[in-house]
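One structure is given below, encoded as structure tokens.
Within every chain, numbering begins at 1; the chains are lettered A, B, ... in the order of the sequence lines, protein sequences first and strands thereafter.
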Amino acid sequence: MAARRQYWLLKSEPTVFAFADLWAAPRRESPWDGVRNYQARNFLRAMRVGDLAFFYHSNAAPACIAGVVEIVREAYADPTQFDPGHDQFDPRSKPAEPSWSAVDIRAVEPLTRSVSLEELRGAPELASFPLLQRGSRLSVLPVRGTEWRAILALGRRKVEP
DNA sequence: GCCAACGTTGGC
DNA sequence: GCCAACGTTGGC
């Protein structure tokens with residue numbers, strides 16, 4: 001079966017780590033670590049090198065999609081789970097059987113225009129987009145091809161509608 | 001800062 | 001296995 005690129009969305013609070021921070025990092029790369037939710041972790045583990053993801057700014061004014069990133073390293077044991085000095089330290093996780101995973105990402109493209117939540121809500125193609133559902137809190141989400149293209153079209157548009 | 005929604009924990 | 005309490009998320 002041919003490998004097929006999948007699409008994702010990753011949430012980050014820009015005051016902690018913004019798309020611009022990733023863009024400014026060496027080789028525009030960074031680990032994506034610290035995920036401590038099983039469903040989100042399972043999505044991380046399903047990612048393949050070459051998959052693309054939107055970089056979403058949560059807890060921002062306005063919350064928005066700021067850019068596109070690529071998965072450059074598939075899931076590996078998240079080192080922060082074993083670091084007692086780290087906020088995300090998990091004393092129950094055993095090195096022989098790590099509970100949590102990280103991937104590495106690389107910034108690919110800043111969107112010409114950030115796409116705000118309000119705009120996302122206005123797009124008919126995104127009616128069932130998980131991010132827009134009530135109470136959605138997952139920090140890692142799958143994105144369908146139709147949704148991906150609709151959002152890209154909004155983000156690449158140069159002129160206000 | 002508020003608060004609704006959600007995931008996790010732990011007593012039973 | 002149930003479920004109340006708690007901590008966290010995240011839009012506003």
ask   = Think A:Arg121 has a side-chain N or O under 4.0 angstrom from the OP1 or OP2 of C:dC12?
value = yes
query = C:dG10 P sits how many Å from A:Leu131 CG, rounded?
reply = 9 Å
key: Rounded interatomic separation in angstrom, taking CG from A:Leu132 and P from B:dA5   = 16 Å
message = Starting from A:Leu132, can I reach A:Tyr7 by hopping between I/L/V/M/F/W/Y residues whose side chains sit under 4.5 Å apart?
response = yes
task = Before accepting this row, confirm whether a basic side-chain N of the pair A:Arg149/A:Glu125 lies closer than 4.0 Å to the acidic partner's carboxylate O.
result = no
task = Starting at atom CG of A:Asp87, determine the distance to atom P of C:dT8, rounded to an integer number of angstrom.
result = 11 Å
Whole-Å distance separating the CG atom of A:Asn37 from the C1' atom of B:dC6 = 10 Å
query = So A:Phe19 and A:Phe55, would you call those rings parallel, tilted or perpendicular, with 30° and 60° as cut-offs?
reply = perpendicular
task = Would you kindly give the CD-to-P distance between A:Gln88 and B:dT8, to the nearest whole Å?
result = 14 Å
remark   = Rounded to whole Å, CD of A:Glu118 lies from P of C:dC12 at a distance of 9 Å
inquiry  = Check the phosphate of C:dT9 against A:Lys11, side-chain N and O only, distance under 4.0 Å to OP1 or OP2. Yes or no?
reply    = no
remark   = The residue, A:Gln39 or A:Asn59, whose nearest nucleotide of DNA chain B is more 5′ is A:Asn59
For atom CZ of A:Arg36 and atom P of C:dT8, their distance in whole Å = 14 Å
d(CD1, A:Ile65; P, C:dG10) in whole Å = 14 Å
Side-chain N or O of A:Tyr56 closer than 4.0 Å to phosphate OP1/OP2 of C:dT9 = no
query = Are A:Asp78 and A:Arg36 close enough for a salt bridge, meaning some N to O gap below 4.0 Å?
reply = yes
ask   = The side chain of A:Arg137 lies closest to which of these nucleotides: C:dC12, C:dT8, B:dA4?
value = C:dT8
task = Please state whether the phosphate of B:dT8, meaning OP1 or OP2, lies under 4.0 angstrom from any side-chain nitrogen or oxygen of A:Arg92.
result = no
key: Contacts of A:Gln39 that satisfy side chain to side chain donor-acceptor pair (under 3.5 Å) - sequence neighbours left out   = none
